[in-house]
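Single-structure report; data block below.
For reference, positions follow the sequence shown, starting with 1.
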Amino acid sequence: MSKIHAAITAVNGYVPDYILTNKELESMVETNDEWIVSRTGIRERRILKDPMKATSDLAVPAVLGLLEKRGISAEEIELIIFCTSTPDMLFPATANILADKIGAKNAWGYDLQAACSGFLFGLTTGAQFIESGKHKKVLVVGGDKMSAVVNYQDRNTCILFGDGCGCVLLEPDTEGNGLQDAILRTDGSGGQFLNIKGGGSLNPASHATVDAGLHYAYQEGRTVFKFAVTNMADVAVEIMERNNLTANDVNWLVPHQANKRIIDATAERAGLPEEKVMVNIQKYGNTTSGTIPLCLWEWESQLKKGDNLILAAFGGGFTWGSVYLKWAY
């Protein structure tokens, strides 16, 4: 009996139409294009402008497109794991809202919150249900409407984030492709440096929390940058070493798109040249849980069966991790 791996059999993505450029941000906060590009690598980001639309609305077109690509109906999906830091509401889960919108009547599901590492955590969790034989079709969605929690008067954060959503379908594979290994880590002592303080049971929404700006994303940039550079690079190298992979064996590095300098540092540590690194931060900024699946979606046509991919991320929590997977189609 050959081992069952959880393989990605389809990928899709969606970004809203509205493009927020660095030039437009110059009119909102004290910043300029050159400064943003040199510090972050970001030139523009996509924004979901409609105030009546939420994170689930980013996911619907992404998932419907995925189902069409794979030639299956929503009713065949057994589990939905929705990785997000910006759920439509505290409950019900955005996974449940999505299931209703797409007609996934036979699926159960839940939201997974690990900030920018969410997609890796969700991918690894979803894989367990495939590997155990419990399910045959698991949908893992990574999406965020970061514009809903960004303060466009805070130049430290508003330049970084965008809205977007990516999704993958996991199915069983007996040819040795799919998820091979994962290293996932958290350090809750980092929570003070990257968070949204308001809206939970600690600081429930009130006039005071709104006035104090506690419902916006807060980041102590320098500390987060330092942690991210070290840990994301370390964990990518660690998973390569654990699986006896050299830079020559790795076809693609798929890094979380938080900052071009963090991506470059990770690639350098792994010994990977620029042409093996997926980078679209210049177009989309940091879409939090959306970055890695959006990369897979954009590069899908270049991926070949059996390709070795190293996925790496770092996020609030602190959370970080790396996944080694073999592309299945």
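Pairing each heavy atom of A313 with each of C116, the nearest pair is CB-O, 3.7 Å. The minimum heavy-atom distance between A328 and D173, with the atom names listed, is CB-OD2, 4.0 Å. Minimum heavy-atom separation, A265 to A233: O-CB, 4.2 Å. Contact record, M278 with L303: CE-CD2, 3.8 Å, taken as the closest heavy-atom pair. When every heavy atom of C83 is checked against every heavy atom of G118, the shortest pair comes out as SG-O, 3.4 Å.
By the side-chain hydrogen bond (donor to acceptor under 3.5 Å, both in side chains) test, K101 pairs with S56, D57, sequence neighbours left out. Partners of E76 by salt bridge (Lys or Arg N to Asp or Glu O under 4.0 Å), not counting sequence neighbours: none found. Taking E30 as the reference, R155 meet the side chain to side chain contact (heavy atoms under 4.5 Å, CB included) condition, with sequence neighbours excluded. Among residues two or more places apart in sequence or in another chain, the salt bridge (Lys or Arg N to Asp or Glu O under 4.0 Å) test is passed with K260 by D264. With sequence neighbours excluded, the residues forming a side chain to side chain contact (heavy atoms under 4.5 Å, CB included) with V149 are T86, M146, I196, listed by chain and number. Partners of N195 under the side-chain hydrogen bond (donor to acceptor under 3.5 Å, both in side chains) rule, at least two apart in sequence or in another chain, are K197. Taking the side chain to side chain contact (heavy atoms under 4.5 Å, CB included) definition, one finds that T246 meets it with N248, D249, sequence neighbours left out. Shown here are the side chain to side chain contact (heavy atoms under 4.5 Å, CB included) partners of S85, two or more places apart in sequence or in another chain: Q113, A115, D144, T288.
The one candidate from K326, K3, K305 that meets the salt bridge (Lys or Arg N to Asp or Glu O under 4.0 Å) condition with E175 is K305.
For the side chain to side chain donor-acceptor pair (under 3.5 Å) condition, no pair includes a residue of residues 118-130, sequence neighbours left out.
When atom types are taken as modelled, the side chain of E298 and the backbone of L296 share no donor-acceptor pair closer than 3.5 angstrom. Judged by distance alone, the side chain of N286 and the main-chain N or O of L160 form no donor-acceptor pair under 3.5 Å. A donor-acceptor contact shorter than 3.5 Å links the side chain of R242 to the backbone of A182. Formation of a donor-acceptor pair under 3.5 Å by the N280 side chain with backbone atoms of K283 is not found in this model. In this structure, E78 contributes its side chain and K136 its backbone to a donor-acceptor pair below 3.5 Å. R45 places a side-chain N or O within donor-acceptor distance of the main-chain N or O of L20, the cut-off being under 3.5 Å. The main-chain N or O of I239 is never found under 3.5 Å from a side-chain atom of S322 such that the two would form a donor-acceptor pair.
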(Q) Apply side-chain contact (heavy atoms from CB on, under 4.5 Å) to residues E26 and T21 and explain how you reach the verdict. (A) CA-CA 9 Å; E26 285 176 14; T21 62; over 6 Å; no

Q. N308 and M240: side-chain contact (heavy atoms from CB on, under 4.5 Å), yes or no, with the steps?
A. CA-CA 10 Å; N308 289 319; M240 285 171 64; over 6 Å; no

Q: For T266 and F314, run side-chain contact (heavy atoms from CB on, under 4.5 Å): C-alpha distance rounded to whole Å, both residues' side-chain angles, the deciding distance at 0.1 Å, then the answer.
A: CA-CA 11 Å; T266 304; F314 181 92; over 6 Å; no

Q | Chi angles and distances behind the side-chain contact (heavy atoms from CB on, under 4.5 Å) call for I42, I159 | A | CA-CA 8 Å; I42 303 167; I159 63 170; over 6 Å; no

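There is no path of hydrophobic side-chain contacts, each under 4.5 Å, that joins I310 to L294. Cluster annotation: L245 and V254 are assigned to distinct hydrophobic clusters (Ile/Leu/Val/Met/Phe/Trp/Tyr, side-chain heavy-atom contacts under 4.5 Å, transitive). Hydrophobic clustering, with ILVMFWY side chains joined whenever heavy atoms are under 4.5 angstrom apart, groups L325 together with I81. A continuous path of ILVMFWY side-chain contacts below 4.5 Å connects M232 to V229, so both sit in one hydrophobic cluster. Neither I183 nor L309 shares a network with the other; the hydrophobic side chains, linked directly or stepwise wherever heavy atoms of I, L, V, M, F, W or Y lie under 4.5 Å apart, form separate groups for each.
Between the side chains of T209 and H215, at least one donor N or O sits under 3.5 Å from an acceptor N or O.
Atoms CG and CG, on L79 and L139 in that order, are 8.5 Å from each other to the nearest 0.5 Å. Distance check: I77 CD1 to L66 CG gives 7.5 Å after rounding to the nearest 0.5 Å. Separation of atoms CG (N243) and CD (E238) is listed at 10.5 Å; rounding is to 0.5 Å. In this structure, CZ in F82 is found 5.0 Å from SG in C165, a value given to the nearest 0.5 Å. In this structure, OG in S27 is found 11.5 Å from CG in N22, a value given to the nearest 0.5 Å. Rounded to the nearest 0.5 angstrom, L112 CG and S117 OG are separated by 10.5 Å.
At a threshold of 4.5 Å between non-hydrogen side-chain atoms, the residues I8 and L170 count as touching. F318 places a side-chain heavy atom less than 4.5 Å from the side chain of F193. Put simply, the side chain of V235 does not reach to within 4.5 Å of the side chain of N231, judged on heavy atoms. Contact check for H5 versus N177: no side-chain heavy atoms found under the 4.5 Å cut-off. By the 4.5 Å heavy-atom criterion applied to side chains, F119 and V168 are counted as neighbours. Side chains of C158 and L25 form a contact here, defined as non-hydrogen atoms less than 4.5 Å apart. Side-chain contact between N251 and W327 is absent, with no heavy atoms from C-beta onward closer than 4.5 Å.
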Extract all donor-acceptor atom pairs below 3.5 Å that involve side chains of residues 216-226 and protein atoms in other chains or at least two apart in sequence.
residue, atom, partner, partner atom, Å
E220, OE2, T223, OG1, 2.8

Can you list, pair by pair, the side-chain donor-acceptor contacts under 3.5 Å of residues 90-99, counting residues two or more places apart and other chains?
residue, atom, partner, partner atom, Å
T94, OG1, D88, N, 3.1
T94, OG1, D111, OD2, 3.3
N96, ND2, G109, O, 3.3

Could you pull out all donor-acceptor pairs under 3.5 Å where a side-chain atom in residues 10-17 meets a protein atom, sequence neighbours excluded?
residue, atom, partner, partner atom, Å
N12, OD1, K69, NZ, 3.4
N12, OD1, W297, NE1, 3.2
N12, ND2, A62, O, 2.9

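Taking 4.0 Å as the cut-off between side-chain N and carboxylate O, R269 and D234 count as a salt-bridged pair. Using a 4.0 Å cut-off between charged nitrogen and carboxylate oxygen, E171 and K137 count as a salt-bridge pair.
The aromatic rings of W108 and F129 stand perpendicular to each other, their planes meeting at an angle above 60°, with 30° marking the opposite boundary.
Atom CD of E268 has 12 or fewer heavy atoms from other residues, nucleotides or ligands within 6.0 Å. More than 12 heavy atoms of other residues, nucleotides or ligands shown are found within 6.0 angstrom of CD on E24.
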